[in-house]
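Before I ask anything, let me first share the structure, which is written out below as structure tokens.
Just so it is clear, the model here is predicted, and its values are computed rather than measured. Whatever order the structure lists them in is the order used to number ligands and atoms, beginning at 1.
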Amino acid sequence: MLLTKITFFERFEHDILSGTKTITLRDEAESHVITGQILPVSTFETDRWFCDIQIIDVTPVKLTELTEMHAKQENMTLPQLRDVIAEIYPGLEQLFMIRFRILSQ
Ligand SMILES: CC(=O)Nc1ccn([C@H]2C[C@H](O)[C@@H](CO)O2)c(=O)n1
């Protein structure tokens, strides 16, 4: 079943809207999106809509395969990105990189 919306933690809203965060790494349950799909984006904390995004593509990536390139697209350093992933998805190895662009805000 395709996702019909996606949420982000509020602390990432500015980076998304400014275009400095152009990917998100999710678990399998949140990877069910397809190229070209348009999704409303809201905050995880209060479900406040803040933009629509269009999915560019979805690619499986293992935790051990993350590089500075992934971190740059998250507007983080690689250690910061690894910390965030460990906090949100403790113990998870298989992730999915969702690349997106902002459509409207
Ligand atoms: C519910 C849930 O999992 N919400 C998430 C998951 C991930 N993110 C952000 C955090 C990092 O920038 C990347 C990598 O996971 O995606 C999020 O904002 N909300």
Contacting atoms of ligand 1, where contact means under 4.0 angstrom from a heavy atom of I85: 14 (C), 15 (O)

Polar proximity ligand 1 side, F8 side, N/O cut 3.5 Å exclusive: no

Sub-4.0 Å atoms of ligand 1 with respect to non-hydrogen atoms of T7: 19 (N)

Proximal ligand 1 atoms for M76, defined as those under 4.0 Å from one of its heavy atoms: 12 (O)

Residue portion contacting ligand 1 (non-hydrogen atoms closer than 4.0 Å) for I88: side chain

Check against side chain to side chain contact (heavy atoms under 4.5 Å, CB included), L63 and L95: CA-CA 7 Å; L63 184 66; L95 301 163; 4.1 Å; yes

Check: K21 side chain, I23 main-chain N or O, donor-acceptor pair, under 3.5 Å: yes

Value rounded to 0.5 Å, distance of CZ in R101 from OG1 in T22: 13.0 Å

Nearest-0.5 Å distance that lies between atom OG in S31 and atom CG in L2: 10.0 Å

4.5 Å side-chain heavy-atom contact, V33 and F100: no

Atom 15 (O) of ligand 1: the protein heavy-atom neighbour that sits closest, reported with distance to 0.1 Å: L25 O, 2.6 Å

Atoms in ligand 1 with a heavy atom of F44 nearer than 4.0 Å: 1 (C)

Side-chain (E45) to main-chain (E10) donor-acceptor, under 3.5 angstrom: yes

Enclosure of H32 NE2 (heavy-atom neighbours >12, cutoff 6.0 Å): yes

Atom 9 (C) of ligand 1 - nearest protein heavy atom and its distance: T24 OG1, 3.7 Å

Atoms in ligand 1 flagged as close to E30, the criterion being non-hydrogen separation under 4.0 Å: 2 (C), 3 (O)

Heavy atom of the protein closest to atom 18 (O) of ligand 1 (residue, atom name, distance): F9 N, 3.0 Å

Residue, atom name and distance, where the atom is the protein heavy atom closest to atom 8 (N) of ligand 1: R26 NH2, 3.5 Å

Hphob cluster co-occupancy, F44 + V41, side-chain heavy atoms under 4.5 angstrom: yes

Contact atoms of ligand 1, heavy-atom distance to V84 under 4.0 Å: 10 (C), 11 (C)

By salt bridge (charged side-chain N to carboxylate O under 4.0 Å, His left out) - contacts of E30 (at least two apart): R26

Non-hydrogen atom of R11 closer than 4.0 Å to ligand 1: no

Close-contact set for ligand 1 against F12 heavy atoms, below 4.0 Å: 9 (C), 10 (C), 12 (O), 18 (O)

